[in-house]
There are 2 protein chains.
Amino acid sequence: MFSSTSEYALRAVVHLASNPDKPCTTGEIAEAMKVPAGYLSKVLQSLARAGIVSAQRGPTGGFTLDRHADRISVLDVINAVDPIERITKCPIDLPEHAANLCPLHARLDEAIALVQTALGASTIAEMIEKRRGMTTRPVAPTIGRRPIRPTSARPAEAPKRGRKPAR
Amino acid sequence: MFSSTSEYALRAVVHLASNPDKPCTTGEIAEAMKVPAGYLSKVLQSLARAGIVSAQRGPTGGFTLDRHADRISVLDVINAVDPIERITKCPIDLPEHAANLCPLHARLDEAIALVQTALGASTIAEMIEKRRGMTTRPVAPTIGRRPIRPTSARPAEAPKRGRKPAR
DNA sequence: CGAATAGTGGATTTCTGTATCTACAACTGT
DNA sequence: ACAGTTGTAGATACAGAAATCCACTATTCG
């Protein structure tokens with residue numbers, strides 16, 4: 001659902017938010033957050049270009065957050081490295097679908113919008129666990145639709161259609 | 001956000017739902033829905049193994065839906081070919097995170113849950129456009145969180161840090 | 001100034017999802 | 001039974017993401 005690039009970027013930003021007093025080096029973040037060090041530097045560069053972190057070279061250098069963690073949303077970080085794409089036009093290249101989205105893609109886009117909204121309203125500051133009680137409050141009751149149930153329950157195992165040798 | 005495999009599977013199922021009277025061949029679906037024919041056959045096999053469609057070989061053969069379109073959710077189709085994975089344990093392999101999800105991954109999982117709920121409650125039947133008015137009703141008001149706004153607006157273009165030749 | 005530290009950017013490799021091809025098995029209608 | 005049609009399955013090719021490597025530039029500190 002989320003790319004590992006996004007995952008790494010989030011871990012890095014959370015780490016920086018947890019250590020606001022000193023610049024953190026790529027190696028330090030990599031080790032603390034279990035991210036491949038070589039790749040992390042690329043990810044941090046993307047975050048720097050997006051204005052989320054700042055880099056400082058040389059000894060005592062490293063990365064710091066550009067603004068306070070409560071002003072950075074989870075969505076900001078994800079969009080910096082691996083933007084969430086909304087569906088604005090029907091990927092089926094048919095004349096009928098040119099103008100509006102068909103119901104299918106409209107629905108898929110709604111799902112993406114839900115994710116955008118949820119992650120856009122979640123700040124990095126909220127993601128810092130206080131190492132005490134893991135304050136995971138439940139969220140978003142549900143949306144206004146009842147689940148459907150298939151007539152036949154999903155077969156636990158594949159039907160396994162027989163394969164006789166030859167008649 | 002959604003893989004092209006999922007996209008293809010959904011198109012195929014929507015096509016079958018739109019033509020419930022006769023089996024549709026792979027080639028027919030491929031052409032109608034602009035899906036690469038060779039790949040579609042693999043996707044249809046996955047759908048068959050998941051019990052969503054049935055295959056019939058030989059002349060007059062093709063694929064048909066296993067159950068009525070209003071008993072198949074969009075989520076069913078996606079899960080058949082490219083399952084949506086919930087985050088059940090923290091991917092950061094640290095002792096502290098072993099037991100519960102950290103706030104970060106708890107939040108990401110909530111976002112995934114929203115998608116599951118939304119797509120699980122949407123039937124394929126609802127995705128068939130009646131070729132009239134594209135009945136896309138708006139959905140899911142929003143969830144209970146206000147968006148945050150960064151102190152500094154996201155820079156429109158990358159900061160473009162200077163690159164002088166050599167002093 | 002010079003040495004050590006740290007980020008930068010390009011080339012390269014690996015891996016996985018996407019897509020094609022082909023030989024084969026199953027089915028229908030004659 | 002035969003011929004033609006259609007799905008099945010395995011091997012293979014391709015592309016983009018993930019990850020690594022290395023030479024280079026910038027910065028700090030003695």
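Naming convention: chains lettered A, B, ... in sequence-line order (proteins, then strands); numbering from 1 in each chain. Predicted model only: the values in this text are computed from it and were never measured.
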Categorize B/Gly62 for me: base, sugar-phosphate, or nothing, with a 4.0 angstrom heavy-atom threshold over every strand shown. sugar-phosphate
Pairing residues for B/Asp82 by the salt bridge (Lys or Arg N to Asp or Glu O under 4.0 Å) criterion, not counting sequence neighbours: none
Between A/Lys89 and A/Asp109, is the closest basic N to carboxylate O distance under 4.0 Å? no
Of all residues at least two apart in sequence or in a different chain, which pass the salt bridge (Lys or Arg N to Asp or Glu O under 4.0 Å) check with B/Glu28? B/Lys22
Would you kindly give the CG-to-P distance between B/Leu47 and D/dG7, to the nearest whole Å? 13 Å
Could you encode protein contacts along nucleotides 15-23 of chain D as a string, one character per nucleotide from 5' to 3', using B for base contact, S for sugar-phosphate-only contact and - for no contact, with a heavy-atom cut-off of under 4.0 Å? ---SBB---
Protein N or O to nucleotides 28-30 of chain C N or O, pairs below 3.5 Å:
{"unit_1": "C/dT28", "atom_1": "OP1", "unit_2": "B/Gln56", "atom_2": "NE2", "d": "3.3"}

Could you tell me the separation between the CD atom of B/Gln45 and the C1' atom of C/dC24, rounded to a whole number of Å? 13 Å
Rounded to the nearest Å, what distance is computed from the CZ atom of residue B/Phe63 to the C1' atom of nucleotide C/dA26? 13 Å
Please list, chain by chain and in numerical order, all residues satisfying side-chain contact (heavy atoms from CB on, under 4.5 Å) with A/Pro20, sequence neighbours excluded. none
Rounding to a whole Å, what distance do you find between B/Ile29:CD1 and D/dG7:C1'? 12 Å
For B/Thr25, enumerate each residue passing the side-chain hydrogen bond (donor to acceptor under 3.5 Å, both in side chains) test, keeping only those at least two apart in sequence or located in another chain. none
Below 4.0 angstrom from OP1 or OP2 of D/dT6, is there any side-chain N or O of B/Thr25? no
Who passes side-chain contact (heavy atoms from CB on, under 4.5 Å) against B/Glu7, sequence neighbours left out? A/Pro91, A/Ile92, A/His105, A/Leu108, B/Arg11
Would you please confirm or rule out a distance under 4.0 Å between OP1 or OP2 of D/dG7 and any side-chain N or O of B/Arg49? no
Counting C-beta onward and ignoring hydrogens, is there a side-chain heavy-atom pair between B/Leu16 and B/Thr64 closer than 4.5 Å? no
Residues at least two apart in sequence or cross-chain that pass side-chain contact (heavy atoms from CB on, under 4.5 Å) with B/Ala17, listed by chain then number, are B/Leu65, B/Ala69, B/Ile124, B/Ile128
Taking side-chain hydrogen bond (donor to acceptor under 3.5 Å, both in side chains) as the definition, give me every residue that meets it alongside A/Ser54, ordered by chain and number, with sequence neighbours left out. A/Asp66
Whole-Å distance between D/dT6 C1' and B/Lys22 NZ? 16 Å
Rounded to whole Å, how long is the line connecting atom CG of B/Leu16 with atom C1' of D/dG7? 14 Å
